[in-house]
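A quick write-up on the structure given underneath.
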Amino acid sequence: MGYMSAKTASELWGLTKRRVLVLCKEGRVPGAELVGSTWVIPDDAIKPEDGRSLRYQTERKTIMEILPLKISIKAERHTAQYQMHKYFARRPYNVFRHIIKHYTNKGDIILDCFCGGGVTIFESAALGRKPIGIDINPLATFITRMQMFNGEIGELKDFYRRFLLTLEKKYADWYTVKFDDDQGIALWIEWVYTVKCPECGSIIELLEINKATNGVYYCPNKKCTGHKNGVKRVLCAPESSRPVRVNYKSSKTKKTRIRELTMDNLPTLEKYNFEHIIETLPYKPEFKIPDDWDRQYEDKLQEKGVIRYSDFFTDRNYTLNCLIFNEIMQLKGKTGSQLNEYIYFLFSSSLRYTNKMTRVTDNWEGGKPTAMDKHAFWLPNQYVETNILDVLSQRAKAIIRGCEYSANNIPTDVVEVNNFEDMKLHNSYMVLNQSASDIPIPDESVDVIITDPPYGSNVQYAELSTIWNAWYAIYNKLDSFIYKDEEAVVNRKSNFEGSKTVDDYEELLYGVYLEGARTLKPGGYLVFTFNNKNIKVWVAMLKAVARAGFYLPEDGILFQDYIEAYKNTAHLRFSGNIQGDFIYSFRKGTTEIDVDGSKGFSVIIRESIDETIKKLFRRRKSYSTPELYQKVLTNMTNKLMQYILWCMTSGTEIEDISSFSNDYLENQLKETLVCEDGIWRKG
């Protein structure tokens with residue numbers, strides 16, 4: 001075990017050095033020792049609960065007792081409860097736990113106005129705080145609530161076991177495959193899309209061996225120009241699919257086998273009239289994919305044959321999903337409400353793995369199916385039809401593990417409440433599915449806001465969540481499967497009605513932060529993570545914060561690295577990604593302004609970049625993209641926040657940057673530096 005100084009502890013815990021020394025003298029820091037005239041503190045010591053007078057407890061933020069977080073920690077993998085159900089861009093749990101410990105004490109009320117995957121809510125409740133989670137996305141609040149399990153795990157295990165056994169008896173033969181020499185139960189069947197060549201009408205199989213370059217495939221007709229040069233997939237009319245591989249458990253050998261399929265050895269499967277079955281079911285999600293979706297244009301859904309919701313699935317898996325969903329709907333009212341929700345939660349969790357966005361790559365995840373790992377409706381040309389019953393069995397195990405973890409970490413007396421007044425009476429939490437621009441919380445009643453807002457156009461949460469919300473809207477009798485009117489995002493495309501601009505994004509964020517400022521105690525912190533180096537998105541975020549009544553105190557920015565194992569995910573691998581978040585600690589109130597805003601935005605940006613580069617390249621000759629952007633953005637944030645406040649105070653219009661390109665910052669850097677293979681050097 002190592003030791004740290006009182007100064008290091010003060011930075012880690014957000015206390016003054018003087019306060020840390022007092023706590024050591026009072027014996028409130030376990031393991032602290034006086035060596036000569038110096039106090040040394042174990043480096044794994046936890047910030048002690050502050051037992052000062054009630055006056056200090058209620059006034060501590062106003063008197064600036066808590067300083068901005070200065071020390072980041074190594075991000076860790078998600079724990080079991082976060083692996084129960086897919087959600088987009090969850091932040092590392094231990095990083096948020098670190099933030100919560102720094103800014104709050106037990107019993108404090110924490111507001112998360114973009115609760116998403118529920119990290120702030122779970123970690124706050126586990127630490128004895130009282131969190132309030134708000135999200136406009138029904139999927140987000142549903143997952144957040146399901147992660148808060150602190151009930152009887154044995155009852156849930158037995159319920160899952162009986163439910164899965166019932167499904168096995170009814171539907172196991174749906175995946176029986178029969179060959180001339182063998183038969184068994186398919187765990188997955190790999191299919192390849194076929195399309196019509198736009199030049200000659202020949203059928204093209206979108207196999208890797210037929211691929212010219214990304215999105216371009218060779219036509220098999222030697223007389224066609226597409227045979228030599230290839231044709232773009234999106235220009236080809238969708239035709240059909242054919243199976244190319246199957247992974248099945250042999251009835252003869254009892255072993256699992258992967259078998260290549262050709263037109264000569266295709267297996268037979270049990271035949272069902274899928275269309276007729278669907279017609280007989282009272283509950284099924286089926287609708288045309290709306291034209292006013294960003295991802296409709298970004299992912300070329302119509303060009304790839306996805307016209308209706310059911311097109312995300314094979315006919316077999318869509319039909320069986322509908323059958324199972326109707327079984328779940330019939331259980332409503334016959335079992336306890338919590339068990340009902342966890343059966344539906346199991347079904348919802350499985351949807352990620354049973355659609356056509358699932359694929360198998362031999363050198364990824366040990367050859368096991370992977371599904372929807374991009375922030376997009378990415379339909380691989382070779383996709384996998386999984387065995388839904390097998391997926392449900394695997395997801396049940398994951399949910400049981402997650403619930404066990406939750407039950408062991410959430411205090412047994414923690415309860416969910418439906419209104420703010422009840423939070424005063426219980427060790428509790430509250431989750432609201434609504435916009436955070438108008439919330440039922442009294443003025444100045446929240447100790448801190450800790451959240452993770454949308455990062456501009458990074459993730460279209462509402463559209464992507466339709467994979468799950470299409471079913472949840474029916475299950476929970478919601479009035480829609482899509483909630484995006486008040487969603488604070490920027491659309492990537494602008495060629496459809498309702499497309500949101502950076503200005504829309506700013507206004508939506510401003511409404512949320514203004515409401516947050518109303519509920520926050522005087523001097524309270526607004527803390528959130530953010531990662532977007534698009535200058536327009538970044539400035540929109542800062543303007544929304546400043547307009548809502550917050551300022552950036554000294555040392556209010558901290559860079560936090562990503563989880564190492566997750567840096568190879570698809571949305572993080574693109575060139576120039578910072579591969580980390582900035583933790584911003586804004587404060588409610590006003591501050592002195594020490595920038596000459598009359599210079600204008602562009603000049604301040606240029607001076608900030610030059611100042612940072614000058615300091616950096618005194619020390620080293622080169623920097624990676626993440627290293628460079630961390631330093632540049634940190635300095636620029638301080639300067640621009642001051643500039644925005646100067647404009648607001650002086651009544652001056654903030655310089656219009658709508659004409660700036662998304663690569664404005666990169667272009668500014670390239671005026672001084674040269675970038676080769678992600679390494680920046682002086683030109």
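Basis for what follows: all heavy atoms, side chains included, without hydrogens, waters or symmetry-related copies. For reference, positions follow the sequence shown, starting with 1.
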Self-check item: Side-chain touch Leu552/Thr637, heavy atoms, less than 4.5 angstrom
Solution: yes
Exercise. Any chance you could lay out the side-chain hydrogen bond (donor to acceptor under 3.5 Å, both in side chains) test for Tyr217 and Asn381, step after step, and finish with the verdict?
Key: CA-CA 11 Å; Tyr217 290 81; Asn381 294 323; 2.4 Å; yes
Self-check item: Phe528: which of Ile99, Val545, Asp112 passes side-chain contact (heavy atoms from CB on, under 4.5 Å)
Solution: Val545
Quiz item: Taking C-beta and beyond as the side chain, do Thr590 and Tyr551 meet within less than 4.5 Å on heavy atoms?
Solution: no
Quiz item: Side chains of Arg359 and Gln382: donor-acceptor distance under 3.5 Å anywhere?
Solution: no
Self-check item: Any donor-acceptor N/O pair, Arg91 side chain to Ala89 backbone, under 3.5 Å
Solution: yes
Practice problem: Might you work through the side-chain contact (heavy atoms from CB on, under 4.5 Å) test for Trp646 and Ser598, ending with a clear yes or no? | Solution: CA-CA 9 Å; Trp646 180 89; Ser598 62; 4.1 Å; yes
Quiz item: For the residue pair Glu463 and Asp294, what are the closest heavy atoms and their distance?
Solution: OE2-N, 2.8 Å
Quiz prompt | Geometric class of the Phe496/Tyr297 ring pair [parallel <30°, tilted 30-60°, perpendicular >60°] | solution = parallel
Quiz item: Do Ile136 and Ser435 come within less than 4.5 Å of each other through their side chains, counting heavy atoms only?
Solution: yes
Self-check item: Stepwise salt bridge (Lys or Arg N to Asp or Glu O under 4.0 Å) test for Asp594 and Lys639
Solution: CA-CA 9 Å; Asp594 61 359; Lys639 296 291 174 64; over 6 Å; no
Quiz item: Is Pro42 close to Tyr3 at the side-chain level, that is, under 4.5 Å between some pair of heavy atoms?
Solution: yes
Quiz prompt | Non-hydrogen side-chain atoms of Pro68 and Tyr103 separated by less than 4.5 Å | solution = yes
Identify each donor-acceptor pair in which a side-chain atom of residues 676-683 lies under 3.5 Å from a protein atom, sequence neighbours left out, and give them as a table.
| residue | atom | partner | partner atom | Å |
| --- | --- | --- | --- | --- |
| Trp680 | NE1 | Thr625 | OG1 | 3.0 |

Quiz prompt | His102 side-chain N/O to Leu12 backbone N/O, donor-acceptor pair under 3.5 Å | solution = yes
Quiz item: Counting only N and O atoms by type, is there a donor-acceptor contact under 3.5 Å from the side chain of Arg233 to the main-chain atoms of Gly215?
Solution: no
Exercise. May I ask you to check if Lys588 and Phe550 form a cation-pi contact, with NZ or CZ under 6.0 angstrom from the six-membered ring centre and within 45° of the axis?
Key: no
Quiz item: How long is the gap from CG on Asn635 to NZ on Lys615, to the nearest 0.5 Å?
Solution: 6.5 Å
Quiz prompt | Short side-chain to backbone donor-acceptor contact, Ser661 and Tyr664, under 3.5 Å | solution = yes
Exercise. Measure across Ser658 and Lys536 and return the closest heavy-atom pair with its distance rounded to 0.1 Å.
Key: O-NZ, 3.6 Å
Quiz item: Phe617 ring centre to Arg620 NZ or CZ under 6.0 Å, with the angle to the axis within 45°?
Solution: no
Quiz item: Does Ile100 have any side-chain contact (heavy atoms from CB on, under 4.5 Å) partners at least two apart in sequence or in another chain, and if so, which?
Solution: Thr104, Ile110, Glu123, Ser124, Leu127, Arg129, Ile450
Quiz item: Do Thr8 side-chain atoms and Met4 backbone N/O form a donor-acceptor pair below 3.5 Å?
Solution: no
Exercise. Could you tell me which non-hydrogen atom of Gln81 sits nearest to which non-hydrogen atom of Thr79, and how far apart they are?
Key: OE1-OG1, 2.8 Å
Practice problem: May I ask you to decide if Phe601's main-chain N or O and Glu655's side chain share a donor-acceptor pair within less than 3.5 Å? | Solution: yes
Exercise. Check the pair Ile449, Cys113 against side-chain contact (heavy atoms from CB on, under 4.5 Å), reporting the backbone distance first and the verdict last.
Key: CA-CA 8 Å; Ile449 300 172; Cys113 38; 4.0 Å; yes
Quiz prompt | Exam field: side chain Arg295 to backbone Leu464, donor-acceptor pair closer than 3.5 Å | solution = no
Practice problem: On the 0 to 90° scale, with breaks at 30° and 60°, tag the Tyr87-Tyr461 ring pair as parallel, tilted or perpendicular. | Solution: parallel
Exercise. Report the C-alpha separation of Glu627 and Lys631 in whole Å, then their side-chain angles, then the decisive distance to 0.1 Å, and conclude whether the salt bridge (Lys or Arg N to Asp or Glu O under 4.0 Å) test is met.
Key: CA-CA 7 Å; Glu627 290 173 328; Lys631 300 297 184 183; over 6 Å; no
Quiz item: How many angstroms lie between NZ in Lys211 and OG1 in Thr213, if you round to the nearest 0.5 Å?
Solution: 8.0 Å
Quiz item: When rounded to the nearest 0.5 angstrom, what distance separates CD in Glu611 from CZ in Arg606?
Solution: 12.0 Å
Quiz item: Does Thr501 offer a backbone N or O that forms a donor-acceptor pair with the side chain of Asp504 under 3.5 Å?
Solution: yes
Quiz item: Is the backbone N or O of Lys493 less than 3.5 Å from a side-chain atom of Asn491, with the two atoms forming a donor-acceptor pair by type?
Solution: no
Exercise. Write down the atom of Phe530, the atom of Pro453, and the distance for their closest heavy-atom approach.
Key: CD1-CG, 4.3 Å
Self-check item: Distance-minimising heavy-atom pair for Ile613 and Leu669
Solution: CD1-CD2, 4.1 Å
Quiz item: Roughly how far, to the nearest 0.5 Å, is the CG atom of Asp299 from the CD1 atom of Ile289?
Solution: 11.0 Å
Exercise. May I have the step-by-step check of salt bridge (Lys or Arg N to Asp or Glu O under 4.0 Å) for Lys614 and Asp610, ending in yes or no?
Key: CA-CA 6 Å; Lys614 186 176 180 179; Asp610 291 343; over 6 Å; no
Self-check item: Test item: Thr612 and Ile609 side chains (from C-beta on) under 4.5 Å apart, heavy atoms
Solution: no
Exercise. Please answer whether the main-chain N or O of Phe114 pairs with a side-chain N or O of Thr451 as donor and acceptor at a distance below 3.5 Å.
Key: yes
Quiz prompt | Stepwise side-chain contact (heavy atoms from CB on, under 4.5 Å) check, Trp538 with Ile535 | solution = CA-CA 5 Å; Trp538 187 56; Ile535 192 74; 3.5 Å; yes
Exercise. Hey, could you give me the CG/NE2 distance between Asn94 and His78, rounded to the nearest 0.5 Å?
Key: 10.5 Å
Practice problem: Walk me through it: do Thr529 and Tyr455 pass the test side-chain hydrogen bond (donor to acceptor under 3.5 Å, both in side chains)? | Solution: CA-CA 9 Å; Thr529 53; Tyr455 303 166; 3.2 Å; yes
Quiz prompt | Reported CG-to-CG distance for the pair Leu520 and Leu111, which is rounded to 0.5 angstrom | solution = 8.5 Å
Quiz item: So with a 6.0 Å cut-off around CG of Asp485, is the heavy-atom count from everything else above 12?
Solution: no
Quiz item: So do the side chains of Lys670 and Leu665 get within less than 4.5 Å of each other, counting heavy atoms only?
Solution: no
Quiz item: Taking the six-membered ring for Trp, are Phe586 and Tyr584 parallel (under 30°), tilted (30 to 60°) or perpendicular (over 60°)?
Solution: parallel
Quiz item: Would you call Glu554 and Arg587 a salt bridge, using N to O less than 4.0 angstrom?
Solution: no
Quiz prompt | Closest contact, heavy atoms only, Trp468 versus Met372 | solution = CH2-SD, 3.5 Å
Quiz item: Under a 4.5 Å cut-off applied to non-hydrogen side-chain atoms, are Tyr483 and Ser465 in contact?
Solution: no
Quiz item: Could you walk me through whether Tyr383 and Met357 pass the side-chain contact (heavy atoms from CB on, under 4.5 Å) check?
Solution: CA-CA 7 Å; Tyr383 64 91; Met357 287 176 277; over 6 Å; no
Practice problem: Over 60° means perpendicular and under 30° means parallel, so classify the ring planes of Phe122 and Tyr82, tilted if in between. | Solution: perpendicular
